Participant: 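One structure is given below, represented as structure tokens, and several questions about it will come after.
Computed from a predicted model, the values in this text were never measured in an experiment.
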Amino acid sequence: MAKRSYMNERQRAFFHQRLLTLRQETLGTMEELQASLRATVREPDEADQAAQEEEQRLVLRALDRDTRLLDKIDAALRRLATGDYGYCLETGEPIGVERLLARPTAEYAIDAKTRRETVEKHYRSG
């Protein structure tokens, strides 16, 4: 794709709609997860209570993950509004339509993301 046609008006409109849809789906999932937490009734049996606590822990993890996703979606929508969407935050190069189709909230081109993950892995293991 020619550089001048990358992130043209049609593509920006497509990704704007895609991000809004993803945002609505994420909010819906979060509402369902919160409802399941509210519906939890304490079980008197210790084994049942332990299983219930484990399930609540998993629901809380999913809520945390969805909250982070919502933040990424909102950040992508802000980048779209400023004209920065689709360009790597590190290099300024195009991220690529294929990558954005797979991960609409992507902030980095694949090479930059790989470098960042390598550095993060190095610091975690050290």
Side-chain angles (χ1 to χ4, degrees):
M1 175 181 308
K3 278 194 175 191
R4 69 179 187 275
S5 65
Y6 181 72
M7 279 303 123
N8 60 42
E9 187 176 332
R10 192 166 145 222
Q11 290 171 336
R12 287 190 310 270
F14 171 83
F15 283 110
H16 184 258
Q17 188 56 53
R18 185 162 182 144
L19 288 164
L20 290 177
T21 300
L22 182 58
R23 188 175 199 287
Q24 283 306 115
E25 290 170 353
T26 303
L27 286 171
T29 300
M30 291 174 73
E31 286 176 17
E32 291 173 12
L33 291 169
Q34 290 168 343
S36 75
L37 282 176
R38 286 190 298 271
T40 302
V41 177
R42 286 277 183 217
E43 294 290 334
D45 182 291
E46 285 184 35
D48 289 342
Q49 189 173 354
Q52 196 173 55
E53 287 172 3
E54 177 64 15
E55 185 169 324
Q56 284 179 328
R57 188 181 68 75
L58 293 173
V59 168
L60 289 170
R61 273 182 57 193
L63 270 170
D64 182 55
R65 183 189 65 239
D66 284 348
T67 300
R68 287 193 310 264
L69 176 58
L70 199 56
D71 290 342
K72 288 180 179 188
I73 294 167
D74 289 341
L77 287 167
R78 285 191 300 276
R79 288 192 309 278
L80 198 55
T82 63
D84 297 326
Y85 181 79
Y87 295 93
C88 181
L89 295 179
E90 185 177 302
T91 66
E93 293 295 314
I95 291 173
V97 172
E98 273 188 32
R99 178 154 165 74
L100 291 171
L101 286 171
R103 185 173 297 272
T105 59
E107 298 175 317
Y108 299 97
I110 197 72
D111 292 341
K113 183 65 174 172
T114 302
R115 279 192 305 275
R116 292 177 71 82
E117 288 175 351
T118 301
V119 168
E120 288 172 9
K121 189 176 186 180
H122 173 73
Y123 282 112
R124 269 189 259 133
S125 66

Participant: Can you tell if the side chain of Gln34 reaches within under 4.5 Å of the side chain of Arg38, non-hydrogen atoms only?
Facilitator: yes
Participant: With a 6.0 Å cut-off (strictly less than), is the heavy-atom count around CD of Glu120, excluding the residue itself, greater than 12?
Facilitator: yes
Participant: Taking Arg18 for its side chain and Leu101 for its backbone only, find out whether a donor-acceptor pair lies under 3.5 Å.
Facilitator: yes
Participant: Tell me whether the count of non-hydrogen atoms from other residues, nucleotides or ligands lying under 6.0 Å of CD in Glu9 goes above 12.
Facilitator: no
Participant: Between CZ of Arg68 and CG of Asp64, what distance do you get to the nearest 0.5 Å?
Facilitator: 4.5 Å
Participant: State, yes or no, whether a side-chain contact exists between Leu89 and Arg79 at a heavy-atom distance under 4.5 Å.
Facilitator: yes
Participant: For Ala76 and Pro104, which heavy atoms make the closest approach, and how far apart are they?
Facilitator: CB-O, 4.2 Å
Participant: Is there side-chain contact between Leu63 and Leu37, with heavy atoms separated by less than 4.5 Å?
Facilitator: yes
Participant: Should Met7 and Ile110 be regarded as members of a common hydrophobic cluster, given that ILVMFWY residues are connected when their side-chain heavy atoms come within less than 4.5 Å of each other, either directly or indirectly?
Facilitator: no
Participant: Within the structure provided, determine whether Leu33 and Arg65 are in side-chain contact (heavy-atom separation under 4.5 Å).
Facilitator: no
Participant: Among Leu70, Ile73, Leu77, which one satisfies side chain to side chain contact (heavy atoms under 4.5 Å, CB included) with Leu22?
Facilitator: Ile73
Participant: Quick check against the 3.5 Å criterion: does Gln24 have a side-chain atom that pairs as donor or acceptor with the backbone of Thr21?
Facilitator: no
Participant: Checking the side chain of Tyr6 only, and the main-chain atoms of Val97 only, is there a donor and an acceptor separated by less than 3.5 Å?
Facilitator: no
Participant: Can Glu107 and Lys72 be counted as an ion pair, charged N to O under 4.0 angstrom?
Facilitator: no
Participant: Within the distance-only criterion (no hydrogens, no angle test), does the side chain of Arg99 pair as donor or acceptor with the backbone N or O of Tyr108 below 3.5 angstrom?
Facilitator: yes
Participant: Report, as yes or no, whether the 6.0 Å neighbourhood of atom CZ on Arg57 holds more than 12 heavy atoms from other residues, nucleotides or ligands.
Facilitator: yes
Participant: Working to the nearest 0.5 angstrom, can you tell me the gap between Lys113 NZ and Arg116 CZ?
Facilitator: 6.5 Å
Participant: So, taking the atom named CG in Leu27 and the one named OG1 in Thr67, what distance separates them when rounded to the nearest 0.5 Å?
Facilitator: 9.5 Å
Participant: Are Met30 and Leu69 grouped together when hydrophobic residues (ILVMFWY) are joined by side-chain heavy atoms under 4.5 angstrom apart?
Facilitator: no
Participant: Identify whether the distance between the nearest side-chain nitrogen and carboxylate oxygen of Asp74 and Arg78 falls below 4.0 Å.
Facilitator: no
Participant: How about Leu58 and Arg61: do any of their side-chain heavy atoms sit closer than 4.5 Å?
Facilitator: yes
Participant: In terms of ring plane angle, is the pair Phe15 and Tyr85 parallel, tilted or perpendicular, where the classes change at 30° and 60°?
Facilitator: tilted
Participant: Would you find more than 12 non-hydrogen atoms of other residues, nucleotides or ligands less than 6.0 Å from Glu55 atom CD?
Facilitator: no
Participant: Show the nearest heavy-atom pair for residues Ala109 and Ile95, with the distance to one decimal.
Facilitator: N-CG1, 3.9 Å
